[in-house]
J.: 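Next up is a structure, given as structure tokens.
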Amino acid sequence: MKLPEKFCERMKNELKNEYESFIKSYDEAPYIALRVNTLKISSEEFKAIVDFCGENVPWCPTGFYYDGKKGNHPSSIAGLFYSQEPSAMIAAELAEVKEGDIVLDLCAAPGGKSTQLAAKLGGKGLLVSNEVNLGRAKILCENIERMGIKNAVVTNMYPEKMEKLFYEFFDKIVVDAPCSGEGMFRKDSVAVDEWSIEHTKSCAIRQLSILDSAYKMLTPGGRLVYSTCTFSKEENEEAVQKFAEKYPDISLREMHRLMPHRINGEGHFSAVFEKSGERQAKKHTPPITAKKEMIEAYRNFERENLNISLDGNFVSFGENLYLLPNEMITLDKIKCIRPGLFLGEVRKGRFVPSHHLATALKKEDFKRSIALSEDKLEAYLKGETIGYNGEKGYGVILYKEKFPVGWYKLSDGQAKNHYPKHLRKV
Ligand code: SAM
């Protein structure tokens with residue numbers, strides 16, 4: 001692999017006698033891992049139902065090495081795991097998120113860390129998952145939906161625009177900053193082509209500005225994790241030091257450098273900060289509420305098709321109805337592309353459930369379900385109709401008799417396929 005000369009020079013100076021083994025690691029294939037989605041399944045159960053789960057990733061109890069290429073596997077489609085570069089799993093672990101926390105993932109797409117943070121929240125509290133790039137934010141939404149996450153609000157804003165709105169609001173913040181990507185050279189040839197000393201310097205300036213915004217949004221007593229996938233000291237140790245020096249109430253607690261010649265993973269850096277002071281009670285401005293008729297249409301659907309009654313703040317945008325987590329502030333001035341759980345659309349007074357609602361609930365929450373063999377599941381995922389005699393109404397198709405994959409609607413002895421067209425296998 002052809003690496004930039006100046007990069008090699010710098011690494012040689014830093015690593016000295018370790019340099020040879022560092023450079024050799026670029027001839028090896030990158031490691032691939034998966035993270036079990038504990039919102040849906042435990043690691044033990046997952047390992048029992050698939051045959052591709054390898055060794056544990058040392059710094060992530062729910063992470064396992066595997067050979068990759070399982071994006072089309074039904075267990076992936078059912079949101080039971082997320083494919084993630086193993087080293088990238090460390091940052092969310094360091095955030096020490098617990099159920100009920102209010103968490104911000106400031107640079108979130110495509111969603112590796114957000115889906116990991118959401119699993120730690122266990123469906124309680126709030127995750128604000130922010131991504132500045134709209135195209136990437138849409139992919140983030142799809143991943144949040146696939147993993148069945150109910151309590152994530154996806155925003156599409158520059159960090160400096162968020163500061164005032166979320167001032168001292170978050171218990172935990174993860175800043176997985178855009179960086180020069182040196183740690184990903186083995187996987188990403190674009191990062192090699194774009195690399196220059198100037199680029200590392202401009203990344204460092206942007207990173208400090210993102211950290212400034214994160215500081216303002218962190219509650220006193222809160223925890224902030226900063227991470228990059230680069231080796232450049234300017235973007236790592238020096239950025240961290242400058243940040244801690246700027247804010248007297250910020251203390252640096254730990255730093256980790258994962259190096260590809262020492263561990264089974266790519267290059268990664270993370271630092272943990274704490275902000276001194278006492279956590280204040282959160283102030284909540286009531287969010288806007290949805291039209292009454294829309295809530296009624298949803299409640300009718302719920303009575304006919306579900307065994308549960310969902311709680312939260314109903315919000316609507318046009319025909320779309322969402323359930324916003326109770327902990328969220330008003331959506332005024334927030335560029336939000338997924339305000340919590342997308343329940344569905346109300347068309348001419350009738351409620352049509354969203355795919356997100358199917359992925360976010362458990363088998364026992366639905367009045368009707370059909371467990372399909374893997375062959376028939378393949379046909380369902382391609383959009384085919386399923387012959388079935390049963391009770392009329394909406395139900396879900398299950399993978400392994402337990403995990404919801406998508407909706408069907410039964411009428412006249414046919415289960416009409418409601419698996420989203422854009423997700424269908426071709
Ligand atoms: N955390 C993600 C994950 O685990 O899947 C990966 C995030 S990636 C390293 C960095 C992200 O920062 C990119 O999605 C990029 O679009 C976003 N970004 C770029 N410029 C930014 C800025 N000025 N402020 C915040 N985020 C930015």
J.: Ion pair present between E237 and R257, side-chain N to carboxylate O less than 4.0 angstrom?
T.: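 A salt bridge links E237 with R257.
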J.: Walk me through whether S83 and K70 qualify under side-chain contact (heavy atoms from CB on, under 4.5 Å).
T.: CA-CA 8 Å; S83 273; K70 291 283 188 289; 5.9 Å; no
J.: List the steps and the verdict of side-chain contact (heavy atoms from CB on, under 4.5 Å) for Y226 and L94.
T.: CA-CA 10 Å; Y226 171 73; L94 292 170; over 6 Å; no
J.: Could you tell me the separation between the CG atom of L134 and the NZ atom of K335, rounded to the nearest 0.5 Å?
T.: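 Between atom CG of L134 and atom NZ of K335 there are 5.0 Å.
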J.: Taking S316 for the side chain and G318 for the main chain, is one N or O donor matched with an acceptor at less than 3.5 Å?
T.: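 No.
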J.: Go through it in stages, so that I can follow the logic: the residues are Y408 and H418, the test is side-chain contact (heavy atoms from CB on, under 4.5 Å), and I'd like the CA-CA distance, side-chain angles, deciding distance and then a yes or no.
T.: CA-CA 5 Å; Y408 68 85; H418 280 246; 5.6 Å; no
J.: Can a donor-acceptor pair be found, under 3.5 Å and without considering hydrogens, that links the side chain of E345 to the backbone of R347?
T.: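 Judged by distance alone, no pair lies under 3.5 Å.
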J.: Look up atom SG in C53 and atom NZ in K47, then write down how far apart they are to the nearest 0.5 Å.
T.: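 Here the rounded value is 6.5 Å.
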J.: Which word best sums up how the rings of F351 and F301 line up, parallel for under 30°, tilted for 30 to 60°, or perpendicular for over 60°?
T.: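 F351 and F301: tilted rings.
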J.: To the nearest 0.5 Å, how far apart are CE in M255 and OG in S227?
T.: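 With rounding to 0.5 Å, CE (M255) is 14.0 Å from OG (S227).
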J.: Within the distance-only criterion (no hydrogens, no angle test), does the side chain of S354 pair as donor or acceptor with the backbone N or O of F342 below 3.5 angstrom?
T.: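 Yes: the side chain of S354 pairs with the backbone of F342.
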J.: State whether D171 and R223 are salt-bridged, where the test is any N-O pair (Lys NZ or Arg NE/NH1/NH2 against Asp/Glu carboxylate O) under 4.0 Å.
T.: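 Between R223 and D171 there is no salt bridge, as every charged N stays at least 4.0 Å from the carboxylate O atoms.
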J.: Measuring centre to centre across the rings, with the benzene-like ring taken for any Trp, is F231 within less than 6.0 Å of F22?
T.: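 That pair passes the under 6.0 Å test.
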J.: Report, as yes or no, whether the 6.0 Å neighbourhood of atom CD on E401 holds more than 12 heavy atoms from other residues, nucleotides or ligands.
T.: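 It does not: E401 CD has 12 such atoms or fewer within range.
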J.: When you measure from the side chain of N143 to the backbone N and O of L140, does any donor-acceptor pair fall under 3.5 Å?
T.: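 Absent.
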J.: Can any side-chain N or O of K187 pair as donor or acceptor with the backbone N or O of P30 at less than 3.5 Å?
T.: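 Not confirmed, K187 side chain does not pair with P30 backbone.
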J.: Indicate whether any N or O donor in one side chain lies under 3.5 Å from an N or O acceptor in the other, for T230 and N236.
T.: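 Their side chains do not contain a donor-acceptor pair, so the 3.5 Å distance test is not met.
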J.: In terms of ring plane angle, is the pair F366 and W407 parallel, tilted or perpendicular, where the classes change at 30° and 60°?
T.: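 If you compare the ring of F366 with that of W407, the planes turn out perpendicular.
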J.: If the threshold is 4.0 Å, N to carboxylate O, is there a salt bridge linking R10 and E14?
T.: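 Here R10 pairs with E14 in a salt bridge, since their nearest N and O are under 4.0 Å apart.
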J.: Taking E45 first and then K402, would you say they form a salt bridge - that is, a charged N and a carboxylate O separated by under 4.0 Å?
T.: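 Judged by the 4.0 Å cut-off on N to carboxylate O distance, E45 and K402 do form a salt bridge.
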J.: I'd like to know if the side chain of S76 reaches the main chain of N72, judged simply by a donor and an acceptor atom lying under 3.5 Å from each other, with no hydrogens or angles considered.
T.: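 Absent.
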J.: Measure from NZ or CZ of K275 to the centre of the six-membered ring of Y215 and say whether it is under 6.0 Å with the direction within 45° of the ring axis.
T.: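 Cation-pi check for K275 and Y215: passes.
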J.: Please step through ring-ring contact (aromatic ring centres under 6.0 Å, His included) for the pair F273 and F243, ending with a clear verdict.
T.: CA-CA 10 Å; F273 302 95; F243 177 60; 4.9 Å; yes
J.: Under a 4.0 Å threshold between the charged nitrogen and the carboxylate oxygen, would K233 count as salt-bridged to E238?
T.: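 Here E238 does not pair with K233 in a salt bridge, since their nearest N and O are not under 4.0 Å apart.
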J.: So, are K12 and E9 salt-bridged, with charged N and O less than 4.0 Å apart?
T.: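 No salt bridge links K12 with E9.
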J.: Are the side chain of S114 and the backbone of A108 linked by a donor-acceptor contact shorter than 3.5 Å?
T.: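 Absent.
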J.: Output, in order, the C-alpha distance, side-chain angles, deciding distance and verdict of side-chain contact (heavy atoms from CB on, under 4.5 Å) for V346 and N320.
T.: CA-CA 7 Å; V346 180; N320 293 354; over 6 Å; no
J.: With a 4.0 Å cut-off, would you call E145 and R338 a salt bridge?
T.: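 So E145 pairs with R338 through a salt bridge.
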J.: Is there a donor-acceptor pair closer than 3.5 Å between any side-chain N or O of Y399 and the backbone N or O of A78?
T.: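 Answer holds: no.
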J.: Tell me, with the steps shown, if F52 and F81 meet ring-ring contact (aromatic ring centres under 6.0 Å, His included).
T.: CA-CA 12 Å; F52 52 80; F81 75 89; 5.8 Å; yes
J.: List, one per line, each side-chain donor-acceptor pair under 3.5 Å for residues 147-155, sequence neighbours excluded.
T.:
unit_1	atom_1	unit_2	atom_2	d
N151	ND2	K124	O	3.2
N151	ND2	G125	O	3.2
T155	OG1	N130	OD1	2.8

J.: Is any NZ, NE, NH1 or NH2 atom of the basic residue among E96 and K172 found under 4.0 Å from an Asp or Glu carboxylate oxygen of the other?
T.: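 Not counted as a salt bridge, because no side-chain N and carboxylate O are separated by less than 4.0 Å.
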J.: Is K382 paired with E384 through a side-chain N to carboxylate O contact shorter than 4.0 Å?
T.: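 No, no charged N to carboxylate O under 4.0 Å.
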J.: Looking at N307 and E364, would you say the former's side chain and the latter's main chain have a donor-acceptor pair under 3.5 Å?
T.: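 A pair under 3.5 Å: yes.
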J.: For a ring-ring contact (aromatic ring centres under 6.0 Å, His included) check, start with the C-alpha distance between Y298 and F314, then their side-chain angles and the critical distance, and finish with the verdict.
T.: CA-CA 10 Å; Y298 169 71; F314 288 96; 5.8 Å; yes
J.: If I take atom CZ from residue R35 and atom OH from residue Y82, how far apart are they, to the nearest 0.5 angstrom?
T.: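 Interatomic distance, R35 CZ to Y82 OH, rounded to 0.5 Å: 7.5 Å.
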J.: Ion pair present between E93 and K120, side-chain N to carboxylate O less than 4.0 angstrom?
T.: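 Looking at E93 and K120, the cut-off is met.
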J.: Judged by atom type as modelled, is there a donor-acceptor pair below 3.5 Å linking the side chain of E327 to the main-chain atoms of L126?
T.: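 Not at all, since once roles are kept as given, no pair shorter than 3.5 Å links the two residues.
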J.: Once rounded to the nearest 0.5 Å, what's the spacing between atom OG1 of T115 and atom CG of L39?
T.: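 So the gap between those two atoms works out to 9.0 Å.
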J.: Hey, what do you get for OG (S213) to CE (M162), rounding to the nearest 0.5 Å?
T.: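 Reported value, rounded in 0.5 Å steps: 9.0 Å.
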J.: Is any side-chain N of the basic residue among E266 and R186 closer than 4.0 Å to the acidic one's carboxylate O?
T.: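 Salt bridge between E266 and R186, a charged N being under 4.0 Å from a carboxylate O: yes.
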J.: Under the side chain to side chain donor-acceptor pair (under 3.5 Å) criterion, do S209 and E160 qualify, and how do the steps go?
T.: CA-CA 8 Å; S209 146; E160 57 269 29; 4.7 Å; no
J.: Evaluate Y380 against Y419 for ring-ring contact (aromatic ring centres under 6.0 Å, His included), listing each step before the verdict.
T.: CA-CA 8 Å; Y380 169 79; Y419 190 62; 5.5 Å; yes
J.: Are K98 and D101 close enough for a salt bridge, meaning some N to O gap below 4.0 Å?
T.: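 Here K98 pairs with D101 in a salt bridge, since their nearest N and O are under 4.0 Å apart.
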